[in-house]
> 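Following this message is one structure expressed as structure tokens.
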Amino acid sequence: MFDQVIPALQSFISWPSPLYLLLGVMVGMLFGILPGLGGSQALALLTPLTFKMDPSSAIALLVGTMSAIPLSGSLVAILLNLPGHAPSVASSFDGYPLTLQGKGGQAVGASASSALFSSILGAIVLTIILPFGEKVVLAFSYPEFFMMALAGLTMIVTVSRKGSMWKGIITAVLGLIFSFFGNDPNTGISRFSFGSLYLYNGIQIVPALIGLFAVGEGIGMLFEKGSIASGTGTPGKLTGMFIGIKSIFANFNVFLRSSIIGTVMGMIPGVGGAITTIVAYGQAVQTSRHPERFGKGEIAGVIAPEAANNSKDASGFVPSLLFGIPSHVEMAVLIGSLTILGIQPGPKMMQTDPGKVLEIIYSLVAGNILTAIFALLLGGYLTRLALISKQLLAPLILAVSIVGAYALNGEIGDVIVALVFGVLGHLMDQFDFPKINLIIPIMVGSLMETSFHQTIEALGWISFFNRPISLCMFILIILNLILTLRKRKRNQNQGLMANAEINKIG
Amino acid sequence: MLKLTKSVDQIIFDLVLFVFFTVIAVLASGYKPVARELPLPAALIGSVLTLLLLLTDFSPYLYNKFKFITFKANQIRGVTQLDKADQAHHHPANWVRTGRTVLWLVLYVLAISYIGYLIATFCFVLLLSRFEAGLKLKVSLFSAIGCTVFFYAIFNLILNASF
């Protein structure tokens, strides 16, 4: 892989890739700032635009977009107390109090520099791990791929924060069912096609993603009156940015720990940014000498979640590129987009496309550098976009979604899939079913089924348990389930006790 | 009279899920053994899970008995509060609006096929903004023109894509 460093760099900096990187960063910042939208929507909408591009430009556009989402979401959280998306929630705990104290600039400076340095750190870790990842990948065979897919499924079910765990499991099973539509990879038999020629090839992931996250959100937004940022205070002046940048070094321990947390948790499929940033914020509070300052404008409370949020994106490429298993929703969309471009993430990617892997890393680092620069220059002006009415945005989002789905292959079937999944996504939002639990199984279902069958045919049932890596993963899956169930049981008992207290008081 | 623990629309959604899983299980059972290796067990599991969910929807006794089904993730709240949240009724007008929005989208798709995506986009954004979102005519017009120009620039000029 290292022999591709210079050629990949030459490909990355050749025109028009830098232009698309810049465009991607700007689009990513726009979507990151708008609450309710995020990387998944941005990538889902941009994917059709990449069909006519060369792979290098497409990578620059998409990865640049993804790299800009975390920090731009945090900008709104810090300046308007309006988190751009779930992982940015933790940034508002101490960021907005700082803004109210007239120190919004410090918060933005700390956030931007934290994001920049943690993403570079994450990219370095990624670069170090990936070449060794080749040897690791070769140690993985069918049983390990199945266990990895199963681990991803169980993880998203156990860490699901929307609705009950039961609904999370139901949604995951539903996603698996959708992944079985079309030709059986093992026998070639057409399954669940219902006489439709379109469904012979199964449900395509990109229109499903566009439907779930763009159409679904657009339908919901149409019903919500008022502007996005209505009811919040004004941001104040953006002074003291350099003080915020320097605060990274004053709180280097917090920064480093949070980056490590983000790097490790980013490698686990399905954990998601919201949990990662909350965990990082929690450790910053617990390890601080002055925990009482958190929540009232402690700069470390801005550094911790931001460092974790950005380092997780870099390490999230490890399972995504090496194993084809997306680490989070944005990565799921990105993998789908890369697949359409002919770049197949998975065990063989390090051997067949090492140059593309390096271009992804370059785009990630460059995207984060650009985003940090933009954040420092334009932070205050960008947040005014959050004042746009949801009802003005909704028709535009719906139009872009439909045309985007149609532009994929010119197939009306793709549009119908986007429509159906859009309605399904809206209903899932209404009834507290987690959408992430639907999309990850659609991505990994085929891998799961293929590797399961190949394991049984080639190696036998016992190979799931007599291969060390497979056995370790199986044990970790069981432990994760047991620990999660115990924790939920404890939470459940606490809830019942709280209810008893409420009834006493009432 | 049957005492429900969830709103009617939520129960309908759970019922639709149950029927879907059951239909898939029936279809999967008709495939060859290799082809139904994973789909059939998955569909059966889905059927059982949604059936239990439905039972808690209809029975307050089971709703309180099967806390592992109904308790939401990472929430430490009283059962009373959870019950109120779960029993919140969705106003029928919202579902009518959802249906109308879907109808608009279907008409949009048909329009793309017959009159081209640019004209269809202009009409869709204008009409949806004006009649569903309730925006002023001037704003709706500006939005529709802007969106159409954006599509033309991106798809026709830059990407040279055809529909």
Side-chain angles (χ1 to χ4, degrees), chain A residues 49 51-52 160-170 173-174 176-177 180 184 186-187 189 191-192 215 219 222-223 389 391-392 394-396 398-400 402-403 406-407 410 412 415-416 419 422-423 426-427 430-432 448-449 452-453 488-489 491-492 494-496 498-499 501-503, chain B residues 10 13 17 21 24 27-28 31-32 34-35 37-39 42-43 45-46 49-50 52-53 67-80 82 90 94 97-98 101-102 105-106 108-109 112-113 117 121 124-125 128-129 132-135 139 143 147 151 154-155 159-163:
Chain A
L49 305 182
F51 298 154
K52 302 290 184 182
S160 174
R161 286 293 171 263
K162 189 177 177 69
S164 65
M165 186 175 170
W166 199 260
K167 287 184 176 179
I169 298 172
I170 290 174
V173 176
L174 183 64
L176 264 184
I177 295 292
F180 297 144
D184 174 24
N186 300 308
T187 63
I189 294 173
R191 297 178 303 191
F192 314 121
V215 176
I219 293 174
L222 204 59
F223 303 150
S389 162
Q391 293 176 312
L392 178 61
L396 300 175
L398 290 172
V400 173
I402 296 299
V403 172
Y406 195 60
I412 202 70
V415 180
I416 294 172
L419 268 177
V423 173
H426 178 66
L427 293 175
Q430 295 293 308
F431 299 128
D432 267 348
M448 198 172 173
E449 187 176 25
F452 178 80
H453 179 73
R488 286 176 188 248
K489 184 71 180 171
N491 287 347
Q492 186 180 310
Q494 286 177 343
L496 291 173
N499 180 53
E501 288 296 322
I502 290 169
N503 286 340
Chain B
Q10 201 157 2
F13 184 72
L17 282 178
F21 281 121
I24 293 294
L27 290 173
Y31 296 138
K32 290 183 179 177
V34 174
E37 213 164 41
L38 287 187
I45 289 170
L49 295 176
T50 45
L52 288 172
L53 187 65
K67 276 296 160 208
F68 58 91
I69 293 176
T70 57
F71 198 81
K72 290 187 180 177
N74 208 31
Q75 279 184 342
I76 306 177
R77 293 189 304 175
V79 173
T80 307
L82 284 171
H90 294 98
N94 287 338
R97 288 196 70 179
T98 302
T101 307
V102 173
L105 289 166
V106 170
Y108 180 37
V109 171
I112 289 176
S113 305
Y117 81 102
T121 298
F124 173 76
V125 175
L128 196 71
S129 300
E132 289 298 333
L135 299 176
V139 174
S143 180
C147 187
F151 279 175
I154 294 295
F155 289 104
L159 296 176
N160 204 26
S162 59
F163 288 88

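From a predicted model like this one, the values you see are computed outputs, not experimental measurements. Each chain gets a letter, A, B and so on, in the order the sequences are listed, and its residues count up from 1.
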> Restricting to non-hydrogen atoms, name the atom on A/F180 and the atom on B/L38 that form the minimum distance, rounded to 0.1 Å.
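Closest approach of A/F180 to B/L38, heavy atoms only: CZ-CB, 3.6 Å.
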> Can you say whether B/T50 sits under 4.5 Å from chain A via the side chain, the backbone, both, or neither, judging by heavy atoms?
both
> How about A/V415 and B/I112: do any of their side-chain heavy atoms sit closer than 4.5 Å?
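Side chain of A/V415 against side chain of B/I112, heavy atoms only: no contact under 4.5 Å found.
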> Quick one, B/Y31 and A/D184 - any side-chain contact, counting heavy atoms below 4.5 Å?
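B/Y31 vs A/D184: side chains apart.
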> Looking at every heavy atom in both A/A399 and B/Y108, which two are closest together, and how far apart are they?
O-OH, 3.7 Å
> Measure distances from B/T98 to the heavy atoms of chain A and classify the residue's part below 4.5 Å as side chain, backbone, both or neither.
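Backbone plus side chain of B/T98, per the 4.5 Å heavy-atom cut-off to chain A.
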> Taking all atoms of both residues into account, what is the closest heavy-atom pair of B/V34 and A/H453, and its distance?
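Shortest heavy-atom contact: CG1-CE1, 3.3 Å.
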> For A/V173 and B/A42, which heavy atoms make the closest approach, and how far apart are they?
CG1-O, 3.1 Å
> Could you tell me whether the side chain of B/L52 reaches within less than 4.5 Å of the side chain of A/W166, counting heavy atoms only?
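Touching, per the 4.5 Å side-chain cut-off.
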> Please give me the minimum heavy-atom distance between B/P39 and A/E449, naming the atom from each residue.
CD-OE2, 3.8 Å
> Between A/I177 and B/A43, which heavy-atom pair has the shortest distance, and what is it?
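Scanning both residues completely, I find the closest heavy atoms to be CD1-N, 3.7 Å.
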> Is the closest side-chain heavy-atom distance between A/P395 and B/E132 below 4.5 Å?
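Not in contact.
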> Out of A/L176, A/V400, A/N186, A/V215, which one racks up the most heavy-atom pairs below 4.5 Å with chain B?
A/V400
> Tell me, please, which residues at least two apart from A/A394 pass side chain to side chain contact (heavy atoms under 4.5 Å, CB included).
A/M221, A/L222
> Applying ring-ring contact (aromatic ring centres under 6.0 Å, His included), name anything that partners B/F151, two or more places apart in sequence or on another chain.
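So B/F151 forms a ring-ring contact (aromatic ring centres under 6.0 Å, His included) with B/F155.
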